[in-house]
Amino acid sequence: DTAVSQTPKYLVTQMGNDKSIKCEQNLGHDTMYWYKQDSKKFLKIMFSYNNKELIINETVPNRFSPKSPDKAHLNLHINSLELGDSAVYFCASSPLAPGSPLHFGNGTRLTVT
Amino acid sequence: DAKTTQPPSMDCAEGRAANLPCNHSTISGNEYVYWYRQIHSQGPQYIIHGLKNNETNEMASLIITEDRKSSTLILPHATLRDTAVYYCIVRGVISNFGNEKLTFGTGTRLTIIP
């Protein structure tokens, strides 16, 4: 039943490691997103993909590499993790049609030690 | 980047209507007004959106002023589970290519009082 699902829910890792977060949506949406919510609870868009094509890249370090194998999946790979990467990462999806709302997953809490 | 202004916090008694205001005085003709909420650390939850007309769904009502420079989200009978941060967001359309990015501000922290 879950519309936008992310795995894992929690991720604890050490600095310098490489990790991935997976996202899948079963809503048939064309567009998928990654958002980051930092410790001050500010939600910022990182990436947007439309039918597997990168649309938005919000000046995110190139250690972050989104990958969309198909339009139902948008995975986030992070290389050489840093302490400042600790945050909650939210995946979202929406139809392409103008005025369509986004539907968010429940987030992945990443802690880098 | 946020184009909206909301009070940082509000309280509302349980069972009463919660009215959350939002100013968006620089809104342009093709921009929609969206409302989302975030309960604790869950993902943002879509509530409602509108362009010009007032809208109502099973969760809430959205009242947009005639000049579209402000709007009010109404939760008709607030419950304790409505305690959350509520975000008012203005978002435009990019012709036939979809929508602009959804940019969150700091929102209003609504606390429902028993």
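Reckoned from all heavy atoms, side chains included, excluding hydrogens, waters and symmetry mates. Numbers restart at 1 for each chain; the letters A, B, ... are given by sequence-line order, proteins then strands.
- When atom types are taken as modelled, the side chain of Tyr34(B) and the backbone of Gly99(A) share a donor-acceptor pair closer than 3.5 angstrom.
- Contact check for Pro101(A) versus Tyr36(B): side-chain heavy atoms found under the 4.5 Å cut-off.
- Residues of residues 102-111 of chain A having a heavy atom under 4.5 Å from any heavy atom of chain B, listed by number: Leu102(A), Phe104(A), Gly105(A), Asn106(A), Arg109(A).
- When heavy atoms are compared at a cutoff of 4.5 Å, Ile45(A) approaches chain B solely by way of its side chain, counted from C-beta outward.
- Tyr86(B) and Val90(B) fall within the same hydrophobic cluster, where Ile, Leu, Val, Met, Phe, Trp and Tyr residues are linked whenever their side-chain heavy atoms come under 4.5 Å apart, directly or through other members.
- Heavy-atom distances place no part of Gln6(A) under 4.5 Å from chain B, backbone and side chain included.
- Both Leu73(B) and Val33(B) sit in one connected hydrophobic cluster of ILVMFWY residues. Membership requires side-chain heavy atoms under 4.5 Å apart, directly or through other members.
- A 6.0 Å sphere centred on NZ of Lys22(A) holds no more than 12 heavy atoms belonging to other residues, nucleotides or ligands.
- Under a hydrophobic clustering in which Ile, Leu, Val, Met, Phe, Trp and Tyr are joined whenever their side-chain heavy atoms come within less than 4.5 Å, directly or via other members, Phe64(A) and Leu54(A) fall into the same cluster.
- The same ILVMFWY cluster, assembled from side-chain heavy atoms under 4.5 Å apart, contains both Val88(A) and Tyr87(B).
- Between Ser100(A) atom OG and Leu102(B) atom CG the span is 11.5 Å, to the nearest 0.5 Å.
- Residue with the most contacts toward chain B among Gln37(A), Lys44(A), Lys40(A): Gln37(A) (heavy-atom pairs, distance under 4.5 Å).
- The OG1 atom of Thr106(B) lies 11.5 Å from the CG atom of Leu43(A); values are rounded to the nearest 0.5 Å.
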Please tabulate, one pair per line, all N/O donor-acceptor pairs under 3.5 Å involving side-chain atoms of residues 78-85 of chain A, not counting sequence neighbours.
residue  : atom : partner  : partner atom : Å
Asn79(A) : OD1  : His77(A) : NE2          : 3.0
Glu82(A) : OE2  : Arg63(A) : NE           : 3.4
Asp85(A) : OD1  : Arg63(A) : NH2          : 2.9
Asp85(A) : OD2  : Arg63(A) : NH1          : 2.8
Asp85(A) : OD2  : Arg63(A) : NH2          : 3.2
Asp85(A) : OD2  : Glu82(A) : N            : 2.8

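- Interface with chain A: from residues 45-52 of chain B, residues Tyr46(B), His49(B) qualify, criterion being any non-hydrogen pair under 4.5 Å.
- Nearest heavy atom pair, residue Arg91(B) against residue Tyr33(A), reads NH2-OH, 3.3 Å.
- In this structure, Gln42(B) CD and Phe90(A) CZ are separated by 9.0 Å, a value rounded to the nearest 0.5 Å.
- In this structure, the side chains of Lys41(A) and Phe104(B) stay at 4.5 Å or more apart for every pair of heavy atoms.
- Within 6.0 Å of atom CZ in Arg68(B), more than 12 heavy atoms from other residues, nucleotides or ligands are found, so the atom counts as buried in its surroundings.
- Along residues 8-21 of chain A, no residue comes nearer than 4.5 angstrom to chain B, judged on non-hydrogen atoms.
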